[in-house]
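What follows is a single structure, written as structure tokens, with notes after it.
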Amino acid sequence: MQVTVKLYATLGRFLPPGSRNRSAEMEVGEGTTLLDLLDSLGIPPAERHLVVLNGRQIEGRDREALAETRLTPGATVAVFPPVAGGR
């Protein structure tokens, strides 16, 4: 099944070759979880601050939630790294 993956800021380097605009269409197997997807891309757990699946936010470091959340055909996954700034 096909899903859309969007990686923001410094995470763009984990997208597959040929990806454009920090986004990639990826083919994943039936039953693939968010954790499976993030691991397959090689994104380290410390860099998974926020994961958004079809508009639903999931704590990126909550391994259990990522492992329990299965992808569906046409899903959109967006991943944001930790950010700092301000005073």
Side-chain angles (χ1 to χ4, degrees):
M1 71 183 154
Q2 197 166 51
V3 298
T4 301
V5 178
K6 298 180 179 187
L7 301 182
Y8 292 93
T10 58
L11 297 180
R13 70 186 188 275
F14 294 104
L15 284 169
S19 301
R20 297 174 26 157
N21 299 323
R22 295 194 166 109
S23 180
E25 298 294 321
M26 295 183 62
E27 191 69 30
V28 298
E30 188 81 24
T32 298
T33 66
L34 276 173
L35 183 61
D36 296 333
L37 176 67
L38 298 176
D39 284 348
S40 75
L41 290 168
I43 303 172
E47 295 189 46
R48 305 171 185 171
H49 177 69
L50 176 64
V51 178
V52 180
L53 173 62
N54 298 329
R56 186 176 132 235
Q57 295 182 16
I58 299 168
E59 168 60 49
R61 294 185 187 141
D62 184 346
R63 189 171 178 82
E64 186 175 327
L66 295 173
E68 291 175 354
T69 305
R70 297 201 184 282
L71 299 174
T72 57
T76 298
V77 178
V79 186
F80 300 84
V83 294
R87 295 189 97 192

Discussion item. Let's go through Val77 and Val52 carefully: what are the C-alpha distance in whole Å and the side-chain angles of both, what is the deciding distance for side chain to side chain contact (heavy atoms under 4.5 Å, CB included) to 0.1 Å, and is it a yes or a no?
Written reply: CA-CA 6 Å; Val77 178; Val52 180; over 6 Å; no
Could you tell me if the side chain of Thr76 sits less than 4.5 Å from the side chain of Lys6, heavy atoms only? yes
* Asked: Under 4.5 Å between any side-chain heavy atoms of Val51 and Phe80, yes or no?
  -> no
Value for CG (Leu11) from NE2 (His49), rounded to nearest 0.5 Å, stands at 11.0 Å
Item to complete: In plain terms, say whether Arg48 and Asp39 are close enough for a salt bridge, that is, a side-chain N and a carboxylate O under 4.0 Å apart.
Response: yes
Before accepting this row, confirm whether a basic side-chain N of the pair Arg61/Glu47 lies closer than 4.0 Å to the acidic partner's carboxylate O.
-> no
| query | Does a sphere of radius 6.0 Å around CD in Glu59 hold more than 12 heavy atoms from other residues, nucleotides or ligands, not counting ones at 6.0 Å or beyond? | reply | yes
TODO: Take Ile43 and Leu7 through the test side chain to side chain contact (heavy atoms under 4.5 Å, CB included) and record every step on the way to the result.
DONE: CA-CA 10 Å; Ile43 303 172; Leu7 301 182; 3.8 Å; yes
Practice problem: Compare all side-chain heavy atoms of Arg70 with those of Thr32 and state whether any distance is below 4.5 angstrom. | Solution: no
(Q) When you group the ILVMFWY residues by side-chain heavy-atom contacts below 4.5 Å and let the links chain together, are Leu38 and Tyr8 in the same group? (A) no
| message | Is it true that, when you exclude Arg13 itself, more than 12 heavy atoms of the residues, nucleotides or ligands shown sit nearer than 6.0 Å to its CZ? | response | yes
- prompt: Taking the side chain as C-beta and beyond, is there a heavy-atom pair between Leu34 and Thr69 under 4.5 Å?
  reply: yes
Note, Ser19 side chain near Phe14 side chain (heavy atom, < 4.5 Å): no
Note: Leu66 and Gly60 closest approach over all heavy atoms is CD1-O, 3.2 Å
Note: Leu41 and Pro16 closest approach over all heavy atoms is CD2-CD, 4.2 Å
Nearest heavy-atom contact between Ala65 and Ile58 is CB-CG2, 4.0 Å
Non-hydrogen side-chain atoms of Ser23 and Val5 separated by less than 4.5 Å: no
Crowded around Glu25 CD? As in, over 12 foreign heavy atoms under 6.0 Å? yes
* Gln2 (side chain) donor-acceptor with Glu27 (main chain) under 3.5 angstrom -> no
Closest non-hydrogen atoms of Ala24 and Leu15, given as atom of the first, atom of the second and distance, are CB-CD2, 4.0 Å
Report task. Output, in order, the C-alpha distance, side-chain angles, deciding distance and verdict of side chain to side chain contact (heavy atoms under 4.5 Å, CB included) for Leu71 and Met26. Result -> CA-CA 12 Å; Leu71 299 174; Met26 295 183 62; over 6 Å; no
